[in-house]
Amino acid sequence: MPELPEVETVRRQLEPELVGRRIERVTVLDERLTRPEAPRSVEKAVSGRKVEAVGRRGKYLLIELEGERTLAIHLRMTGNLLIGENGGLKHVRARFALDDGRQMLFTDIRRFGQAIVLDRGDQLEDYFAARLGLEPLSGELTPERLLELAKDRKAPLKSFLLTQDRVAGIGNIYADEALWRARLHPLSPAGSMKLEHAERLVEGIVGALEAGLDHGGASIDDYLDARGERGSMQDEFLVHTREGEACLRDDGGEIQRIVVGGRSTYFCPVCQERLRRRPRRRTGARARPKRDRAG
DNA sequence: GTGATAACCTGGGTGC
DNA sequence: TGCACCCAGGTTATCA
């Protein structure tokens, strides 16, 4: 499933191939891809424009085009962007014909992927401001800011990490990996963290994402990089999908699988500390007056 | 405002 | 072998 490391891997591969090239023609083969916009409007907005840069925001890939337009692509669960020959591929949802004769193809088995065109400037800013929070690898994610975002939240840490408008780019795999690295139980209420926990969690998030990047992402199911090759992060998982195996910390714990927020969640019950909600600070001598027995 | 859950979607695995 | 059913998960909409 493409999360931040997978999308960033694709971005790094596409950048030298696309920047300076002109997208001569776009053919959208699945109208779901461009919803709510009509396929023709996206085809018209992109065709004939030169690529100026290839960026990323959270799990969105941003192809910046001349004329202050940006093609924002989300791979969702099974989307792939492949460049080169790519003959005989199944589930092709869009074709981008480049001016050097090659094609970039968007394939997507489950058809959840999205491609929209935004005007650079306010429209782009507003779109992402409403959806995405801190970028974990940019240095803006500090323990203090994470603590502030989690303040008073009762939601489990696992669900909190998956919420993109707090911290962008973390999905099911790297949430599990980050929590294991931080030694924090996925069911701990987010608002129960203290500074020391937030410090461990930031370290865990960054460590997990960088490991994913180092291994070209994880190819559990359908993910392929822009060259059509699989990543190897799935061979390096510390906890995700290791149900029934001994914890790698050798602490006697056995990795368990539970469902949190409808998502499979893997953790070690021995070394991942379950935090409890802190009681609200009461004001005054008695926060809750005793019942007046006299009636 | 917050948290939980369903829906979207399709290939693969499982059970009968 | 073929069929029905369930599961996976990122995001959004809906509900409590």
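Here the structure is a predicted model, which is why all the values come from computation and not from measurement. Here is the naming used below: chain letters follow the sequence lines, and residue numbers restart at 1 for every chain. Quick note: numbers below take in every heavy atom, side chains included, and nothing from hydrogens, waters or symmetry partners.
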(request) Can you figure out which of B:dT10, C:dT12, C:dG10 approaches the side chain of A:Tyr60 most closely? (result) C:dT12

(request) First locate atom CD of A:Glu125, then atom CZ of A:Arg57, and finally report the distance between them rounded to the nearest 0.5 Å. (result) 8.5 Å

(message) Heavy atoms from C-beta onward define the side chain here; which of C:dT11, B:dC8, B:dT10 lies closest to that of A:Gln164?
(response) C:dT11

(message) Whole angstroms only, please: what is the CZ-P distance between A:Phe128 and C:dT12?
(response) 11 Å

(request) Name the residue closer to the 5' end of DNA chain C, choosing between A:Arg257 and A:Ile170 according to the nucleotide with the nearest heavy atom. (result) A:Arg257

(message) So, OP1 or OP2 of B:dC9: does either fall under 4.0 Å of a side-chain N or O from A:Arg32?
(response) yes

(message) What is the distance, to the nearest angstrom, from the CD atom on A:Gln114 to the P atom on C:dG10?
(response) 15 Å

(request) Starting at atom CD of A:Gln234, determine the distance to atom C1' of C:dA8, rounded to an integer number of angstrom. (result) 16 Å

(request) Give A:Ser264 one of three labels, base, sugar-phosphate or nothing, depending on what nucleic acid heavy atoms sit under 4.0 Å from its own. (result) sugar-phosphate

(request) Return the value, rounded to whole Å, for the distance between atom NE2 of A:His74 and atom C1' of C:dT12. (result) 11 Å

(request) Using a 4.5 Å cut-off on heavy atoms from C-beta on, say whether the side chain of A:Leu146 contacts that of A:Met193. (result) yes

(message) Students often mix this up, so state it plainly: with edges at 30° and 60°, are the rings of A:Tyr266 and A:His240 parallel, tilted or perpendicular?
(response) perpendicular

Tabulate protein N/O versus nucleotide N/O from nucleotides 1-5 of chain B, keeping only pairs under 3.5 Å, one per line.
unit_1: B:dT2; atom_1: OP1; unit_2: A:Arg153; atom_2: NH2; d: 3.1
unit_1: B:dT2; atom_1: O5'; unit_2: A:Arg153; atom_2: NH1; d: 3.4
unit_1: B:dG3; atom_1: OP1; unit_2: A:Lys154; atom_2: N; d: 2.8
unit_1: B:dG3; atom_1: OP1; unit_2: A:Ala155; atom_2: N; d: 3.2
unit_1: B:dG3; atom_1: OP2; unit_2: A:Arg153; atom_2: NH1; d: 3.3

(message) Please report the distance, rounded to the nearest Å, between CG in A:Leu162 and C1' in C:dT11.
(response) 11 Å

(message) Is A:Arg131 close enough to C:dT12 that one of its side-chain N or O atoms is under 4.0 Å from OP1 or OP2 there?
(response) yes

(message) Applying a strict under-4.5 Å side-chain criterion to I, L, V, M, F, W and Y, I'd like to know whether A:Val7 and A:Leu33 cluster together.
(response) yes

(request) Write down the distance between OH (A:Tyr127) and P (C:dT11), rounded to a whole number of angstrom. (result) 10 Å

(request) Grab the CZ-P distance between A:Arg263 and C:dC7 for me, whole Å please. (result) 13 Å

(request) With the side chain of A:Ile109 defined as its heavy atoms from C-beta on, choose the nearest nucleotide among B:dC9, C:dG10, B:dG11. (result) B:dG11

(message) Reading DNA chain B from 5' onward, which residue's closest nucleotide shows up sooner: A:His91 or A:Arg76?
(response) A:Arg76

(message) To the closest 0.5 Å, what do you measure between CG (A:Asp108) and NE2 (A:His91)?
(response) 9.5 Å

(request) Measure the spacing between CG of A:Leu98 and CD1 of A:Ile23 and express it to the nearest 0.5 Å. (result) 6.5 Å

(message) Between A:Lys59 and C:dT11, is there a contact of a side-chain N or O with OP1 or OP2 at under 4.0 Å?
(response) yes

(message) Rounding to an integer number of Å, can you tell me how far A:Glu243 CD sits from C:dC7 C1'?
(response) 14 Å

(message) Nearest 0.5 Å, please: how far is CG in A:Leu195 from NE2 in A:His197?
(response) 10.0 Å

